[in-house]
Amino acid sequence: MSFAIDRLVLTPDDIDLSRSPLAGQLGVETYVLGAFNPALTRLPSGNLLMMVRVAEALRKPTFDGHIHNIRWSERRYMLDARPLDAVDTADPRKFLLNGGRWQVMALTSLSWLLPVELTPNGLEVVALHYDRAVAPQGDFQMYGVEDARISKVGDEWLMTTCSVSPERHSTTLYTSTNGLDWSFADIVLDHQNKDMLIFEGRIDGQYWAQTRPLGDLYFAYPPGSEWRAGPSINLATSPDARHWKPYLKPGIRPHAATVATARMGGGTPPIRTDRGWLTLWHGVEPKEIIGVYRTYWSILDANDPSRTVATDHAPLLEANPELTRDLEEQMYVRDVVFTTGIADDGDHYVVASGEADLACRITHIPKARFA
């Protein structure tokens, strides 16, 4: 499906690394691997704010017979080195350490979050707020802060992020009173429970969230079930948005009839509509190493979000090669759109996505599309 307004609004070339949190610390050249997966919210001024993941990578990660990665430690950034014959570099986003009974990896980049202010329609950049960047501040973020999602609940903005370290791959929470200045709150979900999306409103006084626990083992559904075993979108509730309890019933699960959503995860924080909670999510079809990422939608029951009241098995958004044609020399993955933000704008929604793990894409989607 195509939409009349659908364009890139931020690319790696727009990022000034002289203002990066890493600037001047490594002694080697870095570049922007991607500026992508933007959270989206409406500021009190009426402008929109994207919280953009900037993946900053080594220009030459391999030298002296070793591959290197960036690490934060004790208020500074440094390089680690590993022999080339000890790693697998098939995936351009990471490298795997050979040996062992489970996967151990390191990243080829370190991510930090850049607030980017947009016009009210989301189509023009107003300011890049480097002075308000969110960067690692503890060992639990040793390898970076990734993939923010922003929800406004009452008078408070809540931002969930993925924090990456050898200790755990956790979900961390930041809060704001204005949508622009953020304070770290705490770790709120433990290892490999990510893509946490807090609903933009309470149900019976409780905060709700979608989560996506990962693992290497799933139990089979009975023969003939409409569901496919694997990663799914779960639910959790909280009295204060800090302490979360898993909900008894499952959330959105992959259907057995298609492999297009064999793997799935949350995309945009659920927002209220007349029909229930609108949520955009990603489905991943297996293909080569990374897969094909597409965006889908569902409407969840207003009082029991474990119930899906409407959905569409056709994708809402797919990767668009025309958008990245001028960035061909910077492409390192394909077939990926990863939707991460949504804002109401009258008769349509402003939808923010990461395109090809490279750039920020804004799409105006008519509300009638979800009728």
Just list the side-chain donor-acceptor pairs under 3.5 Å for residues 196-206, sequence neighbours left out, or say none.
{"residue": "E200", "atom": "OE2", "partner": "K152", "partner atom": "N", "Å": "2.8"}
{"residue": "R202", "atom": "NH2", "partner": "Y207", "partner atom": "OH", "Å": "2.5"}

Output side-chain donor-acceptor pairs under 3.5 Å for residues 185-193, partner residues at least two apart or in another chain, one line each.
{"residue": "D190", "atom": "OD1", "partner": "R168", "partner atom": "NH1", "Å": "3.3"}
{"residue": "H191", "atom": "ND1", "partner": "H169", "partner atom": "N", "Å": "2.9"}
{"residue": "N193", "atom": "OD1", "partner": "R212", "partner atom": "N", "Å": "3.4"}

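Contact of the P12 side chain with the L358 side chain is registered, since non-hydrogen atoms from C-beta on lie closer than 4.5 Å. Side-chain atoms of V337 and S353, non-hydrogen and from C-beta on, do get closer than 4.5 Å to each other. By the 4.5 Å heavy-atom criterion applied to side chains, D80 and H68 are not counted as neighbours. L113 places none of its side-chain heavy atoms less than 4.5 Å from the side chain of W182.
Residues forming a ring pair (Phe, Tyr, Trp, His ring centres under 6.0 Å) with H66 (at least two apart in sequence, or on another chain): none. Applying the ring pair (Phe, Tyr, Trp, His ring centres under 6.0 Å) rule to Y218 yields no partners; only residues at least two apart in sequence or on another chain are considered. Not counting sequence neighbours, the partners of M78 by the side chain to side chain contact (heavy atoms under 4.5 Å, CB included) test are R71, S73, R76.
Counting only N and O atoms by type, the side chains of S170 and S163 include no donor and acceptor under 3.5 Å apart. Side-chain N/O atoms of E56 and W112 include a donor and acceptor closer than 3.5 Å.
Residues G354 and T340 come closest through the heavy atom pair N-OG1, 4.5 Å. Residues P254 and S232 come closest through the heavy atom pair CD-CB, 4.0 Å. Counting all heavy atoms, side chain and backbone alike, L158 lies closest to A241 at CD1-CB, 4.0 Å. The minimum heavy-atom distance between S298 and T308, with the atom names listed, is CB-CG2, 4.2 Å. The minimum heavy-atom distance linking V333 with A356 is given by the pair CG2-O, 3.2 Å. Scanning all heavy atoms of the two residues, the minimum distance from Q141 to T172 falls at NE2-OG1, 4.1 Å.
Using a cut-off of 4.0 Å between Lys/Arg side-chain N and Asp/Glu carboxylate O, K249 and D304 are scored as salt-bridged.
Residues in residues 268-278 take part in no side chain to side chain donor-acceptor pair (under 3.5 Å) pair, two or more places apart or across chains.
Remark: E328 CD is packed, more than 12 non-hydrogen atoms of other residues, nucleotides or ligands lying under 6.0 Å away. Within 6.0 Å of CG in D240 there are more than 12 heavy atoms belonging to other residues, nucleotides or ligands. For NZ of K287, the number of neighbouring non-hydrogen atoms (other residues, nucleotides, ligands) closer than 6.0 Å is 12 at most. Within a 6.0 Å radius of CG in D344, other residues, nucleotides and ligands contribute more than 12 heavy atoms.
Judged purely by atom type and a 3.5 angstrom limit, H364 uses its side chain to pair as donor or acceptor with the backbone of N121. Of the possible donor and acceptor atoms, none in the side chain of K367 sits under 3.5 Å from a partner among the backbone N and O of D345. Side-chain atoms of R149 come within 3.5 Å of backbone atoms of G267 as a donor-acceptor pair (strictly under, hydrogens ignored). When atom types are taken as modelled, the side chain of S176 and the backbone of D181 share a donor-acceptor pair closer than 3.5 angstrom.
Using a 4.5 Å cut-off between side-chain heavy atoms of Ile, Leu, Val, Met, Phe, Trp and Tyr, with links allowed through other members, L173 and W157 fall into different hydrophobic clusters. Hydrophobic clustering, with ILVMFWY side chains joined whenever heavy atoms are under 4.5 angstrom apart, keeps L323 apart from V116.
Note: W281 and Y296 have parallel aromatic rings, judged against thresholds of 30 and 60 degrees for the angle between ring planes.
To the nearest 0.5 Å, atom CG of residue L79 and atom CD1 of residue I70 are 6.5 Å apart. Remark: L214 CG to K194 NZ distance equals 6.5 Å, nearest 0.5 Å. How far OG1 of T279 is from CD1 of I233: 6.0 Å, rounded to the nearest 0.5 Å. Distance CE/M105 to CG/N69: 12.5 Å, rounded to 0.5 Å. The OG atom of S109 sits 9.0 Å away from atom CG of L58, with the distance rounded to the nearest 0.5 Å. Interatomic distance, CG of L316 versus CH2 of W297, reported as 9.0 Å (0.5 Å rounding).
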Next item on the list: Apply salt bridge (Lys or Arg N to Asp or Glu O under 4.0 Å) to R19 and D131, showing your working.
Entry: CA-CA 8 Å; R19 304 183 69 183; D131 58 329; 5.6 Å; no
Go through V284 and M264 one step at a time and tell me if the side chain to side chain contact (heavy atoms under 4.5 Å, CB included) criterion holds.
-> CA-CA 6 Å; V284 186; M264 58 170 50; over 6 Å; no
Practice item. Applying side chain to side chain contact (heavy atoms under 4.5 Å, CB included), run through T258 and E285 and close with a yes or a no. Key: CA-CA 9 Å; T258 176; E285 181 177 354; over 6 Å; no
